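Inspection log for the structure reproduced underneath, given as structure tokens.
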Amino acid sequence: MAIRFLNTYTRTLEEFRPLDPAGKAVKIYTCGPTVYNYAHIGNFRAYLFEDLLQRHLESSGYDVQRVMNLTDVDDKTIRGCHAAGLPLAEFTQKYKDSFFEDLATLRIKPAMAFPSATDPVHIARMIEMIAHLVAHDYAYQAEDQSVYFRLNKFPNYGKLAHLNLDELRPSGRIRNDEYEKESVGDFALWKAWDEADGDVAWESPWGKGRPGWHIECSAMATELLGPEIDIHCGGVDNIFPHHEAEIAQSECCTGKQFVRYWLHCAHLMVESQKMSKSAGNFYTLRDLLEKGWSGREIRCVLLSVNYRLPLNFTFESLAGARSSLARIDAWVARLTETAGDEPHASAHPLASHNRFQQALDDDLNISGALGVLFDVIRASNRALDLGTFTPADARALLGWWDRVNAVLQFQREAEGAPKAVLDLVEARAAAREAKNWALSDEIRAQIEAAGWIVKDSKEGQKLTRK
RNA sequence: GGCGGGAUAGCCAAGUGGUAAGGCAGAGGUCUGCAAAACCUCUAUUCGCGGGUUCGAUUCCCGCUCCCGCCUCCA
């Protein structure tokens, strides 16, 4: 079955076919973070959706070329660096570094490139694009010296969001002082320097200033991936106006269809409420790690609801993820043990199907895919209980799990128990040998206090991380 | 006002014109020195409400209610 995605542009489920004539390479552009602060879990919900997308495409045989931009100049970064008394680059570097740490914590596969907006190469590309737009009448310099895109030159503006611009109701967010523009909807390509910018400025044919947010993505996307991109992702809030603007700028420059498939993920709610600092339910990844949750657990929660649906993040769901992962861990450990040294995999029916991948083919139906996983876990555990599973069967199941885990990245990182804990296990074995149950239980409590759980089985004690 | 998404058990959630996957939580059981894990059984006569089409609708159509998002630089 072919992979299908719900395309925001057409609002229909479309079969995915990459532009590459060989049908192999897939070009993806994803809107990345503005590096003025630590990213919050809502941001990471989007990045995890993109990770799932990339990993599923790769497991389907595609060669994914993904670019994620880093917005390191805008109102917020400028305000932030001034407040911190640091040069802009120094201020944003801290948050770039922490962003990459967070990606690793959540096991998000790094993109092929993470271009920064302030990279001179990209600034030059933005200026080049703006000059092209001005030269072809798609843009103009207003009285305030800023350069704006001339919206009435691009009738398709609004198509992605399915907005009829004539019917837009002013929302109060439009600044009254932007009277210099020909039309209220015209958006800035180049922002003329003003005092609040301080020393943040670049020279351009239109004077000192800085690029607008939208042109940044158009420039870096077309520069690194070419004029035509297969998939462009982001949060639903980016649909309008950001992605509309990207389409307008890019297509007026290249004359080609900028993006073939638009995928947008819904927002995250926390405890059924919109996440906000004032509501006290605003969490960065770091906040959750401090509370004792692991990156793997957070990954599991943020990934387990289809990207198009709002996701209600709760601590109950984190606890649920912890239980589910423990079950997966126990299952993998059991299979590993049963497989032993057996190098050959059998053709066990539980291991020779790709229903997991087929579920994901349907617009990344993660719930269906996880349903398949747990069905397989239960069925194989039952077979293991009955003793009808051979080492070769277990080896085959582990192979199946490897393919599934390549997408999910749920497997526990291998870690050995510290010497002190192993010593306790040994002491407990002696106590059990002597049928000293009281001592055995006491040592078990000590082991647990050290962060490990010991379980007794027919083959002896089994140690797992708590 | 416009546009879009949603409403399925305590919670999360899949799904189909033919009588409700899966996960978490909960109850009972098998196993165990006890636990834990695993497995088994149970937990929605029912899919927001009211009509309609149909032999049959949670699934299609119409109307309604409620929730959420966007409407010019928030993933």
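Residue numbers start from 1 in every chain, and the chains themselves are labelled A, B, ... in the order their sequence lines are given, proteins ahead of strands. Values in this document were obtained by computation on a predicted structure and should not be read as measured data. Side chains are part of it too, since the values below use all heavy atoms of this structure and drop only hydrogens, waters and symmetry mates.
Comparing A:A319 and A:R444 along RNA chain B, the residue whose closest nucleotide (by nearest heavy atom) sits nearer the 5' end is A:A319. When the nearest nucleotides of RNA chain B are assigned to A:P241 and A:N312 by heavy-atom distance, the more 5′-ward of the two goes with A:N312.
Minimum atom distance to the side chain of A:F240 is reached by B:C70, of the listed B:C70, B:G33, B:C39. Counting only heavy atoms from C-beta on, A:M269 has its side chain closest to B:C68 among B:C68, B:A75, B:A25. Listed nucleotides: B:A37, B:G6, B:G33. Nearest to the side chain of A:R432: B:G33. Ranking B:A75, B:U72, B:C3 by closeness to the A:T34 side chain, first place goes to B:A75. Side-chain proximity of A:W213 to B:A75, B:A38, B:G33: nearest is B:A75. For A:L309, the listed nucleotide lying nearest its side chain is B:G6; candidates were B:G69, B:G6, B:A75. Counting only heavy atoms from C-beta on, A:N365 has its side chain closest to B:A14 among B:A14, B:A35, B:A75.
Among the protein residues, A:G185 comes within range of the nucleic acid bases, having at least one heavy atom under 4.0 Å from a base atom. Contact annotation for A:D75: no contact, since no heavy-atom pair falls under 4.0 Å across all strands. Across all strands, A:F374 comes closer than 4.0 Å only to sugar-phosphate atoms, never to a base (heavy-atom distances). Within 4.0 Å of A:S440, counting heavy atoms only, lies at least one base atom of the nucleic acid. A:D74 comes within 4.0 angstrom of no nucleic acid atom, judged by non-hydrogen atoms across all strands. The residue A:A321 sits apart from the nucleic acid: no heavy atom pair falls under 4.0 Å. Nucleic acid contact for A:S317: none, since no nucleic acid atom lies under 4.0 Å from a heavy atom of the residue. At a threshold of 4.0 angstrom between heavy atoms, the contacts of A:H264 with the nucleic acid are absent. Looking at heavy-atom distances under 4.0 Å, A:L268 makes contact with a base. Using a 4.0 Å heavy-atom criterion, one finds that A:H267 contacts the bases of the nucleic acid, with or without backbone contacts as well.
A sub-4.0 Å separation between OP1 or OP2 of B:C24 and a side-chain N or O of A:R327 is present. Taking side-chain N and O atoms only, A:N381 has a distance below 4.0 Å to OP1 or OP2 of B:C39. In this structure, A:S367 does not reach the B:A21 phosphate: none of its side-chain N or O atoms is under 4.0 Å from OP1 or OP2. Using a 4.0 Å cut-off, no side-chain N or O of A:N306 falls inside it from OP1 or OP2 of B:A13. A:R378 has a side-chain polar atom (N or O) that falls below the 4.0 Å cut-off from OP1 or OP2 of B:G22. Using a 4.0 Å cut-off, some side-chain N or O of A:R11 falls inside it from OP1 or OP2 of B:G4.
Between the C1' atoms of B:U19 and B:U59, the separation comes to 11 Å (whole Å). Taking atom C1' in both B:A9 and B:C24, one finds a spacing of 13 Å when rounded to whole Å. To the nearest whole angstrom, the two P atoms, one in B:U43 and one in B:G63, are 38 Å apart. Separation of the C1' atoms belonging to B:C47 and B:G15 is 11 Å when rounded to the nearest angstrom. B:A7 and B:U58 have their C1' atoms separated by 12 Å, given to the nearest Å. Using atom C1' as the reference point in both B:A38 and B:C12, the two lie 24 Å apart (nearest Å). For B:U45 and B:C40, the P atoms lie 24 Å apart once the distance is rounded to whole Å. B:A37 and B:G28 are spaced 15 Å apart, taking the P atom of each and rounding to whole Å.
Across the protein-nucleic acid pair, A:Y95 atom OH and B:A75 atom P stand 15 Å apart, rounded to whole Å. As rounded to whole Å, 14 Å separates atom P of B:A13 from atom CG of A:L303. Rounded to an integer number of Å, the gap from A:E216 CD to B:C73 P is 16 Å. One interatomic measurement links the two molecules: CD of A:E316 to P of B:C24, which rounds to 13 Å at whole-angstrom precision. If you take CG of A:D237 and P of B:C73, they are 12 Å apart, rounded to a whole angstrom. Here the C1' atom of nucleotide B:C12 and the CG atom of A:L302 are 13 Å apart, to the nearest Å. The OH atom of A:Y307 sits 13 Å away from the C1' atom of B:G5 (whole-angstrom rounding). A:D375 has its CG atom 19 Å from the P atom of B:A13, to the nearest Å.
For the side chain to side chain donor-acceptor pair (under 3.5 Å) criterion with A:H264, the lone passing option out of A:R308, A:H232, A:H243 is A:H243.
Between A:R210 and A:D75, at least one side-chain N (NZ, or NE/NH1/NH2) sits under 4.0 Å from a carboxylate O, which counts as a salt bridge. Ion pairing between A:K191 and A:D197 fails under the 4.0 Å rule for side-chain N and carboxylate O.
Of the nucleotides present, B:A27 is the one that pairs with B:U41 by Watson-Crick or G-U wobble criteria, both distances under 3.5 Å. Judged by Watson-Crick or G-U wobble contacts below 3.5 Å, the nucleotide B:C34 has no partner. When Watson-Crick and G-U wobble pairs are counted only if both distances are under 3.5 Å, B:G69 pairs with B:C3. Base pairing of B:G63: its partner is B:C49, meeting the Watson-Crick or G-U wobble criterion (both donor-acceptor distances under 3.5 Å).
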Run A:Y307 and A:F5 through ring pair (Phe, Tyr, Trp, His ring centres under 6.0 Å) and show every step you take. CA-CA 11 Å; A:Y307 72 94; A:F5 295 123; 7.8 Å; no
Show your working on ring pair (Phe, Tyr, Trp, His ring centres under 6.0 Å) between A:Y95 and A:Y38 and close with a plain yes or no. CA-CA 6 Å; A:Y95 295 108; A:Y38 297 115; 5.3 Å; yes
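A donor-acceptor contact under 3.5 Å links the side chain of A:D441 to the base of B:G33. The base of B:A38 does not come close enough to the side chain of A:R382 for any donor and acceptor atom to sit less than 3.5 Å apart. Judged by atom type and distance alone, A:K191 reaches the base of B:C73 through a side-chain donor-acceptor pair under 3.5 Å.
Under the 4.5 Å side-chain criterion, counting only non-hydrogen atoms from C-beta, A:F356 is not in contact with A:R403.
Aromatic pair A:Y29/A:F258: centroids not less than 6.0 angstrom apart. Taking the six-membered ring for Trp, A:F114 and A:F100 have ring centres closer than 6.0 Å.
With a 6.0 Å radius and a threshold of 12 heavy atoms from other residues, nucleotides or ligands, A:E271 has its CD atom above the threshold.
Looking at A:S380, its side chain does come within 3.5 Å of a backbone N or O of A:I377 through a donor-acceptor pair.
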